[in-house]
Amino acid sequence: MVRVLKTAVVAVTALIAVAAASLPLTAARAEEPVTVFAAASLKESIEQIAAAWKQAGGTDVRLSLAGSSALARQIEQGAPADLFISADLKWMDHLEKAGQIKADTRTNLLGNRIVLVAPKDSAVTTTIAPGFPLATLLGSERLAMANVDAVPAGSYGKAALESLGVWESVKDKVAQAENVRAALLLVSRGEVPLGIVYETDAWVDPSVKILDRFPEESHPTIVYPAALTTESENPRAADFLAYLQGADAHAIFTAAGFTVLAKTN
């Protein structure tokens, strides 16, 4: 009888030890950072929102910021992202068709505008309209743009220039950058006299000034969709996506110059 009791005690003790050992692992797994792949133009806003979310009880947010095309391709190749925020519908559509995002989590989060910028001390002035003299303003120099074939800001800019009838006159003068922030930097450093970037990008760089805003009808509507990835197993990723649609995040996005599209939670 004593032997049976001892055996039972040992067995129960072992079960308790196993359960106790598993608790830290469960807690650690629940507190893993949420990995967010976001368009480069969201840098300041998403960093501020991530900090606010953690302060409000959320987890750390691990950010990967780049051109939407590069991020989408990384996700398609298996990069461990929990959440993707694109600067256009095209790359989110691409991942949805490839089965890489959870379609029922997809939401149109933000809107933006594109503008023509120059270094802050530039004497150039212009009004953007059909046939405006962009090539003349550039002279022998170049126009900074994000990659026009892949990066949303570049695609929007090319579409606008085509719509306004000036693309053919400047297409051989374009300095294409890997993302919109890289294009902004070319203008900020004075390496080129003009560039096309998002209005929100121009707001965060005191070394550039906005010459004019492109008419919204000259290019596709600028939309930033967000969605969880199919491979994400982080339980807090959905919480962060919800936070991005809440009042606190909306206030940060609005202050940065974005147009909030998602309904406030």
Side-chain angles (χ1 to χ4, degrees), residues 37-47 63-74 85-88 90-91 110 112-129 132-215 218-220 222 224 256-258:
F37 279 29
S41 51
L42 292 168
K43 183 179 186 300
E44 290 76 16
S45 297
I46 203 72
E47 287 176 346
L63 295 171
S64 180
L65 301 162
S68 299
S69 56
L71 296 174
R73 289 178 180 129
Q74 288 171 27
I85 311 175
S86 174
D88 71 355
K90 171 186 173 182
W91 289 106
L110 303 167
N112 208 337
R113 292 149 295 275
I114 53 172
V115 295
L116 185 68
V117 295
K120 66 177 182 179
D121 57 354
S122 172
V124 172
T125 60
T126 192
T127 298
I128 296 175
F132 79 107
L134 182 56
T136 301
L137 295 174
L138 289 169
S140 61
E141 298 191 78
R142 298 173 75 77
L143 173 69
M145 297 178 68
N147 186 297
V148 300
D149 296 318
V151 179
S155 298
Y156 291 131
K158 179 182 178 182
L161 295 177
E162 287 177 332
S163 174
L164 295 167
V166 298
W167 173 250
E168 289 298 319
S169 66
V170 300
K171 66 180 183 180
D172 295 329
K173 298 182 178 184
V174 175
Q176 297 192 52
E178 64 181 7
N179 59 59
V180 69
R181 286 302 177 89
L184 178 68
L185 192 59
L186 291 175
V187 182
S188 180
R189 290 175 173 174
E191 296 178 28
V192 297
L194 298 170
I196 299 175
V197 299
Y198 293 119
E199 187 169 33
T200 53
D201 294 313
W203 282 23
V204 300
D205 192 334
S207 296
V208 304
K209 64 179 180 181
I210 296 173
L211 299 182
D212 201 5
R213 179 188 288 175
F214 283 88
S218 69
H219 57 79
I222 299 173
Y224 288 66
F258 291 98

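None of the values given here were measured: they were computed from a predicted structure.
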Report the distance from atom CG of Leu186 to atom CD of Gln176, rounding to the nearest 0.5 Å. 11.5 Å
How many angstroms lie between atom CG of Leu143 and atom CG of Leu116, to the nearest 0.5 angstrom? 7.0 Å
At what distance, to the nearest 0.5 angstrom, does OG of Ser45 lie from CG of Leu110? 8.0 Å
Using a strict threshold of under 4.0 Å (side-chain N to carboxylate O), is an ion pair present between Lys171 and Glu162? no
Quick one: closest heavy-atom pair of Gly67 and Asn179, and the distance? N-CB, 3.8 Å
For Tyr224 together with Phe258, are the ring centres under 6.0 Å from each other? yes
When rounded to the nearest 0.5 angstrom, what distance separates OH in Tyr156 from CG in Asn112? 9.0 Å
Separation between NZ (Lys158) and CH2 (Trp167), nearest 0.5 Å, reads 5.5 Å
Could you tell me which non-hydrogen atom of Ile114 sits nearest to which non-hydrogen atom of Ala160, and how far apart they are? CD1-CB, 4.1 Å
Quick check for you: to the nearest 0.5 Å, what is the distance between Asn147 atom CG and Ser155 atom OG? 7.5 Å
Considering all heavy atoms, the nearest Val151-Ser69 contact: CG2-OG, 4.0 Å
So, for Ala72 and Trp91, which heavy atoms are closest and what is the spacing to 0.1 Å? CB-CE3, 3.8 Å
Looking only at heavy atoms, what is the nearest atom pair of Leu65 and Ala39, with distance? CD2-O, 3.9 Å
Taken in chain and number order and not counting sequence neighbours, the residues that satisfy side chain to side chain contact (heavy atoms under 4.5 Å, CB included) with Leu137 are Val124, Thr126, Leu194
Please report the shortest heavy-atom distance between Arg142 and Ala175, naming the atom on each side. NE-CB, 3.8 Å
How about Gln74: does its CD atom have over 12 heavy atoms from other parts shown lying under 6.0 Å from it? yes
Check Glu199 with Arg213, please: is the shortest side-chain N to carboxylate O separation under 4.0 Å? yes
